[in-house]
Student: 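My structure is below; once you've seen it, I'll send some questions.
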There are 2 protein chains.
Amino acid sequence: MLSIANTTSGAGGACPVSAVTRLLGSRWTMQLIHHLRQPRRYSELQALVGEVNPATFTQRLRFLEQQELIMRHEDPEHARHVEYALTPKGRELLPILDALAAWAQKWLLV
Amino acid sequence: MLSIANTTSGAGGACPVSAVTRLLGSRWTMQLIHHLRQPRRYSELQALVGEVNPATFTQRLRFLEQQELIMRHEDPEHARHVEYALTPKGRELLPILDALAAWAQKWLLV
DNA sequence: TTACTTGCTATATTTTTTGTAGTATCATCG
DNA sequence: CGATGATACTACAAAAAATATAGCAAGTAA
């Protein structure tokens with residue numbers, strides 16, 4: 001039996017889909033990861049993602065860092081130069097985001 | 001000017017990932033679709049998804065129906081019997097949810 | 001020196017989500 | 001036949017999340 005199937009019965013506790021949405025479900029998260037395909041600086045990322053509020057944006061970065069989906073790297077030579085990059089854990093979401101993007105291309109942006 | 005503007009996103013308008021998150025980004029949405037692998041009645045779905053608030057839950061169902069990801073079917077014989085099911089558009093998200101679940105299995109649930 | 005950029009933080013306001021209660025309609029049981 | 005219970009919601013106040021806007025310290029460029 002598939003492990004996905006038997007988790008559908010519970011009250012959402014151990015269901016992997018609900019586990020995922022606790023990580024990726026809040027606003028901007030998926031865009032953020034998407035735009036971190038290559039390492040980016042704070043302001044760069046902010047511009048790419050769009051109309052994000054800086055407080056939310058920073059909070060999301062901190063959360064994703066804490067969950068080990070991204071890494072924050074501050075250049076000690078030049079402070080004020082901060083780069084964010086995906087961890088392996090985060091990088092493995094990219095094919096899924098690609099699939100979502102393909103779905104969107106097909107069904108949304110015709 | 002840097003090449004930020006001519007990428008897929010710019011200000012988030014036409015980026016397929018941001019388009020997707022406008023549909024799936026709010027809470028419960030992905031769980032909802034996941035549990036609609038087979039058609040379900042309102043209360044059944046509610047129990048599966050877990051601790052959802054009924055107002056949010058209904059709002060989400062209405063929104064997904066409006067976006068044509070799910071269909072609402074009311075049995076005319078027995079009113080009060082309502083079933084929700086995925087449309088083809090919605091059904092094509094299931095492999096992606098499977099991939100997310102697999103990612104969760106690997107990285108989240110030991 | 002002065003102005004500007006970067007990577008944030010602070011605060012008040014708006015929007016979303018929640019908790020809890022309630023309701024109309026029907027079926028079923030006694 | 002009336003009481004009881006389930007179903008599919010709706011209503012409304014309160015809590016939580018997101019937003020707009022302003023500001024700030026440290027560095028960099030002119």
Side-chain angles (χ1 to χ4, degrees), chain A residues 11-13 17-18 20-33 35-36 38-67 70-85, chain B residues 1-5 11-13 17-18 20-33 35-36 38-67 70-86:
Chain A
V17 172
S18 101
V20 154
T21 48
R22 270 194 293 278
L23 285 196
L24 309 180
S26 10
R27 214 173 163 187
W28 307 116
T29 308
M30 292 207 283
Q31 268 120 298
L32 231 159
I33 292 169
H35 288 294
L36 278 175
Q38 46 188 295
R40 302 277 192 193
R41 298 183 62 175
Y42 182 94
S43 53
E44 200 181 356
L45 197 50
Q46 193 174 222
L48 285 167
V49 170
E51 346 73 38
V52 209
N53 170 272
T56 310
F57 190 59
T58 299
Q59 187 192 111
R60 206 87 338 142
L61 287 167
R62 300 266 181 276
F63 176 75
L64 290 175
E65 192 189 357
Q66 178 197 315
Q67 299 297 319
I70 70 175
M71 294 174 299
R72 179 181 185 277
H73 180 252
E74 188 172 330
D75 189 343
E77 308 288 307
H78 311 276
R80 296 286 107 189
H81 186 111
V82 179
E83 275 206 345
Y84 292 91
Chain B
M1 193 50 138
L2 279 174
S3 57
I4 296 169
V17 172
S18 101
V20 154
T21 47
R22 270 194 291 277
L23 286 196
L24 309 180
S26 11
R27 216 173 161 188
W28 306 117
T29 308
M30 293 208 284
Q31 268 120 298
L32 231 159
I33 293 170
H35 288 294
L36 278 176
Q38 47 189 294
R40 302 277 192 193
R41 298 183 61 174
Y42 182 94
S43 52
E44 200 180 356
L45 197 49
Q46 193 174 220
L48 285 167
V49 170
E51 346 74 37
V52 210
N53 171 273
T56 309
F57 190 58
T58 299
Q59 189 192 109
R60 208 90 334 148
L61 286 168
R62 300 267 181 274
F63 176 75
L64 290 174
E65 192 190 358
Q66 179 197 313
Q67 299 298 318
I70 68 175
M71 294 173 298
R72 178 180 186 276
H73 180 251
E74 188 172 330
D75 190 343
E77 309 288 305
H78 311 275
R80 296 287 109 189
H81 186 111
V82 179
E83 274 205 345
Y84 292 91
L86 292 176

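Owing to the predicted nature of the structure, the values given are computational and were not obtained by experimental measurement. The sequence lines fix the lettering, A, B, ..., with proteins before strands; numbering per chain opens at 1. Quick note: numbers below take in every heavy atom, side chains included, and nothing from hydrogens, waters or symmetry partners.
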Student: Rounded off to whole Å, could you give me the CG-to-C1' distance for the A/Asp75 and D/dG27 pair?
Tutor: 13 Å
Student: Taking C-beta and beyond as the side chain, do B/Leu45 and B/Leu32 meet within less than 4.5 Å on heavy atoms?
Tutor: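 Counting from C-beta outward, B/Leu45 and B/Leu32 do come under 4.5 Å.
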Student: With a cut-off of less than 4.0 Å, is there a side-chain N or O of B/Trp28 near OP1 or OP2 of C/dT16?
Tutor: no
Student: Reading nucleotides 12-17 of chain D from the 5' end, what letters show protein touch, with B for base, S for backbone sugar-phosphate only, - for no heavy atom under 4.0 Å?
Tutor: ------
Student: State, with a plain yes or no, whether a side-chain heavy atom of B/Leu24 is found less than 4.5 Å away from one of B/Ile33.
Tutor: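 Side-chain contact under 4.5 Å: yes.
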Student: Roughly how many Å is it from CD in B/Gln46 to C1' in C/dT18, rounded to a whole number?
Tutor: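 Nearest whole value for this atom pair: 13 Å.
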Student: When the ring planes of B/Tyr42 and B/Tyr84 are compared, do they come out parallel, tilted or perpendicular, using 30° and 60° as the limits?
Tutor: tilted
Student: So does B/Arg41 get a side-chain nitrogen or oxygen closer than 4.0 Å to the phosphate oxygens (OP1/OP2) of D/dA6?
Tutor: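 It does not, given that no N or O in the side chain of B/Arg41 lies less than 4.0 Å from OP1 or OP2 of D/dA6.
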Student: Does any non-hydrogen side-chain atom of B/Val82 lie less than 4.5 Å from one of B/Arg72?
Tutor: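 Yes, at least one pair of side-chain atoms sits under 4.5 Å.
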Student: Of all the heavy-atom pairs spanning B/Arg22 and B/Phe63, show the shortest one and how long it is.
Tutor: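 It is O-CZ, 4.0 Å.
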Student: For D/dT7, does either OP1 or OP2 sit under 4.0 Å from a side-chain N or O belonging to B/Tyr84?
Tutor: no
Student: Please name the pair of heavy atoms, one in B/Thr29 and one in B/Leu23, separated by the smallest distance, quoted to 0.1 Å.
Tutor: CG2-O, 3.7 Å
Student: When you get a sec, tell me which of D/dT7, C/dC8, D/dA18 is the closest nucleotide to the side chain of A/Thr58?
Tutor: C/dC8
Student: Measure the distance from CZ on B/Arg80 to C1' on C/dA27 and round it to the nearest whole Å.
Tutor: 12 Å
Student: Mind calculating the distance between CD (B/Glu74) and P (C/dT25) to the nearest angstrom?
Tutor: 12 Å
Student: Would you indicate what A/Ser43 reaches in the nucleic acid, counting non-hydrogen atoms under 4.0 angstrom: base, sugar-phosphate, or nothing?
Tutor: sugar-phosphate
Student: Answer yes or no: does a side-chain N or O of B/Tyr42 lie under 4.0 Å from OP1 or OP2 of D/dT10?
Tutor: no
Student: Less than 4.5 Å apart, side chain to side chain, heavy atoms only: is that true for B/Thr56 and B/Arg27?
Tutor: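 With C-beta onward as the side chain, the pair stays apart.
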Student: Indicate whether OP1 or OP2 belonging to C/dT15 is found under 4.0 Å from a side-chain N or O atom of B/Arg27.
Tutor: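 Checking C/dT15 against B/Arg27, no side-chain N or O comes under 4.0 Å of OP1 or OP2.
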Student: Picking from C/dT20, D/dA22, C/dT6, which would you name as closest to the side chain of B/Pro54?
Tutor: C/dT20
Student: Can you tell me if B/Arg72 touches the phosphate of D/dA8, counting only side-chain N or O atoms and a distance under 4.0 Å to OP1 or OP2?
Tutor: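 Answer is no, no contact under 4.0 Å.
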